[in-house]
Amino acid sequence: MNAATARTPQWNAEVAAADSARYARCIAVSRRVRWEIDRDVIRGRDFDFDRTFLPAGLSLVDRLDFLDTDERRFFSQVQGRTYAWMFGLCERFIGAKMLQTSGLHWLGDQKALEALVRFSDEEIKHQELFRRLEALLEARMPDGHVKTAQANSVAQFVLARRSWAVLALVFMIELFVQRHYEESIAPTQELCPLWKDVFLFHFREECQHSILDEIEWRAENARITHDERDAAVDDLIALLGAVDDILRAQADADAAYFVAACGRPFGMRQQLQLLDVLRRAYRWQYIASGARHPRFSSVLAELATPAQRMRLDAALVSIVPED
């Protein structure tokens, strides 16, 4: 039997028809907003290092009152470089997961298949975009920036977990892409034009991706038993813990890089404060802003039991305590 048709009775014809219409709308929007890296985004430009990259609402630089204007700007650029690299890292496993998920639709709804194949194609393009950006940044920024995780190793770890958990993580990521752009990047006028455009175009395609993530997460939820979902919640907790391990290591590396590149001494208390801000910023950017997104919370409330949600929330609070 085709796996796409082997769903529980919860997954009825009315739901399937509604999903098919949503797939079709995602395809239409994907065609309309389609962009190319050189023609639409880079357009022969380079980064303007006299401008801010990551806005203060995401970088939390306002908590570092001992930095001067140039140092604040450089702090945003260090974080901006890591921000772009992290998306490239995540999109390695997201693209692979969507290709894997498309197999459920090979002999089923062809709108679903096209939507997920387009999704995967866009994720591959995004990876190429972020590789291109890293080359531009490498040429202009001080030597010594370290990436503390390898994309294929991270992808192998993520993809080994249950689909319910992986789809939940992907949904969180797509939601925080939108949240960051709408709440922080779009309203900030002083950002480097190229850097801002990168995340404008990225945002335009990710909006469709989050819709598809939700559809596939709900479908996977309908396929599995309570016990399987219970195990998948543990997998999601493990994935969040692994993300936090990457973020802590990258924050350590970025703090050391920033201090070395600034070329002036920082006291021990200041260095610890820099590290604390970077860890808080990264945990907000890559975990809390997705896990605490209203849409994620709403869907999770439908799919998981109160006890399962309590376990997930306890794990989240242990990583990112609410201020």
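Keep in mind that what you see is a predicted model, and the values were worked out from it rather than measured. Along the sequence shown, residues are numbered consecutively beginning with 1.
For E128, the salt bridge (Lys or Arg N to Asp or Glu O under 4.0 Å) partners at least two apart in sequence or on another chain are R131. Here F49 pairs with F53 under the ring-ring contact (aromatic ring centres under 6.0 Å, His included) rule; sequence neighbours left out. For D65, there are no salt bridge (Lys or Arg N to Asp or Glu O under 4.0 Å) partners two or more places apart in sequence or in a different chain. For E228, the side-chain contact (heavy atoms from CB on, under 4.5 Å) partners are I224, T225, not counting sequence neighbours. Looking at residues two or more places apart in sequence or on another chain, you find a salt bridge (Lys or Arg N to Asp or Glu O under 4.0 Å) between D70 and R73. Partners of Y83 according to the ring-ring contact (aromatic ring centres under 6.0 Å, His included) rule, which considers only residues two or more places apart in sequence or in another chain, are F87, H180, W195, F199.
In terms of heavy-atom proximity, S76 sits nearest to T52 at OG-CG2, 3.4 Å. Between Y257 and P142, the closest heavy-atom pair is OH-O, 2.6 Å. Residues I27 and E114 share a closest heavy-atom pair of CG2-OE2, 3.4 Å. Nearest heavy atom pair, residue L159 against residue A96, reads CD1-CB, 3.8 Å. What you find for R51 and P193 is that their closest heavy atoms are NH1-CD, 4.1 Å. Minimum heavy-atom separation, L239 to F157: CD2-CE2, 3.9 Å.
Put simply, the side chain of V320 does not reach to within 4.5 Å of the side chain of W284, judged on heavy atoms. Between D48 and L194 the shortest side-chain heavy-atom distance does not fall below 4.5 Å. L312 has its side chain within reach of I237: a pair of non-hydrogen atoms, C-beta onward, lies under 4.5 Å apart. Annotation: side chain of D62 is in contact with side chain of R72 (closest heavy-atom distance under 4.5 Å). A heavy-atom distance below 4.5 Å is not found between the side chains of M98 and R118. Within the 4.5 Å cutoff, the side chain of Q208 has heavy atoms near those of the V33 side chain.
Of the N and O atoms on the side chains of Q178 and H293, not one donor lies less than 3.5 Å from an acceptor on the other residue.
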Step by step, work out the salt bridge (Lys or Arg N to Asp or Glu O under 4.0 Å) result for D252 and R248.
-> CA-CA 6 Å; D252 291 353; R248 286 188 290 109; over 6 Å; no
Chi angles and distances behind the salt bridge (Lys or Arg N to Asp or Glu O under 4.0 Å) call for K125, E122 = CA-CA 5 Å; K125 179 179 65 177; E122 289 163 357; 5.8 Å; no
Yes or no on side chain to side chain contact (heavy atoms under 4.5 Å, CB included) for I211 and R25, after CA distance, side-chain angles and deciding distance?
-> CA-CA 10 Å; I211 296 170; R25 287 194 295 272; over 6 Å; no
Do I246 and M86 pass the side chain to side chain contact (heavy atoms under 4.5 Å, CB included) test, and can you show the C-alpha distance, the side-chain angles, and the key distance before you say yes or no?
-> CA-CA 10 Å; I246 293 170; M86 278 290 294; 4.2 Å; yes
Test salt bridge (Lys or Arg N to Asp or Glu O under 4.0 Å) applied to R34 and D121, step by step = CA-CA 11 Å; R34 176 77 187 185; D121 174 63; 2.8 Å; yes
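Here R229 contributes atom CZ and R223 contributes atom CZ; the two are 12.0 Å apart, rounded to the nearest 0.5 Å. The CG atom of L303 sits 8.5 Å away from atom CD of E214, with the distance rounded to the nearest 0.5 Å. For the atom pair CG of L133 and CZ of R81, the computed distance is 11.0 Å after rounding to the nearest 0.5 Å. S30 contributes atom OG, which lies 14.5 Å from atom OH of Y23 (distance to the nearest 0.5 angstrom). A distance of 8.5 Å separates CG in L278 from OG1 in T82, rounded to the nearest 0.5 Å. Note that the CD atom of Q273 and the CG atom of L67 stand 8.5 Å from one another [nearest 0.5 Å].
With C90 as the fixed residue, the side chain to side chain contact (heavy atoms under 4.5 Å, CB included) test singles out one of V170, V154, I173: I173.
Atom CG of D68 is surrounded by more than 12 heavy atoms from other residues, nucleotides or ligands within 6.0 Å. Taking a 6.0 Å sphere around CZ of R269, one finds it holds 12 or fewer heavy atoms contributed by other residues, nucleotides or ligands.
Within the 3.5 Å criterion, the main-chain N or O of D38 finds no donor-acceptor partner in the side chain of E36. Listed for the R292 side chain is no donor-acceptor partner under 3.5 Å among the backbone atoms of S289. Remark: side-chain polar atoms of S20 are not paired, donor with acceptor, to backbone N or O of A16 under 3.5 angstrom. Looking at Q250, its side chain does come within 3.5 Å of a backbone N or O of T148 through a donor-acceptor pair. With hydrogens and angles disregarded, no donor-acceptor distance shorter than 3.5 Å links the side chain of E205 to the backbone of F203. Y181 places no side-chain N or O within 3.5 Å of a backbone atom of F201 that could act as its donor or acceptor partner. Counting only distance, with no hydrogens or angles, the side chain of R43 and the backbone of D40 share a donor-acceptor pair below 3.5 Å. No donor-acceptor pair closer than 3.5 Å links the side chain of R63 to the backbone N or O of S59.
Every pair passing salt bridge (Lys or Arg N to Asp or Glu O under 4.0 Å) that includes a residue from residues 146-156 is listed here, sequence neighbours excluded: E134-K147. Within the structure, the salt bridge (Lys or Arg N to Asp or Glu O under 4.0 Å) test picks out the following pairs touching residues 156-173 (sequence neighbours left out): R161-D235, R162-D235. Within the structure, side chain to side chain donor-acceptor pair (under 3.5 Å) contacts touching residues 306-319 (residues at least two apart or in different chains) are D230-Q308, D230-R311, D234-R311, T305-Q308. The list of salt bridge (Lys or Arg N to Asp or Glu O under 4.0 Å) pairs with a residue in residues 88-110, not counting sequence neighbours, is empty.
Clustering ILVMFWY residues whenever any of their side-chain heavy atoms sit less than 4.5 angstrom apart, transitively, puts L275 in a cluster other than the one holding L54. Cluster membership check: V41 does not share its hydrophobic cluster with I124, using side-chain heavy-atom separations under 4.5 Å among Ile, Leu, Val, Met, Phe, Trp and Tyr. Hydrophobic clustering, with ILVMFWY side chains joined whenever heavy atoms are under 4.5 angstrom apart, groups V277 together with F66. Under a hydrophobic clustering in which Ile, Leu, Val, Met, Phe, Trp and Tyr are joined whenever their side-chain heavy atoms come within less than 4.5 Å, directly or via other members, I37 and I94 fall into the same cluster. One hydrophobic cluster, built from ILVMFWY side chains closer than 4.5 Å, holds both L64 and F258.
Taking the ring centroids of F130 and H202, they lie under the 6.0 Å cut-off.
Judged by a 6.0 Å distance limit and a 45° cone about the ring axis, R179 is not positioned over the six-membered ring of F176. The side-chain tip of R264 points at the ring of F266 from less than 6.0 angstrom away and within 45° of straight on.
L272 forms part of a hydrophobic cluster together with M268, judged by ILVMFWY side-chain heavy-atom separations under 4.5 Å. L99 belongs to no multi-residue hydrophobic cluster, having no ILVMFWY side-chain contact under 4.5 Å with any other such residue.
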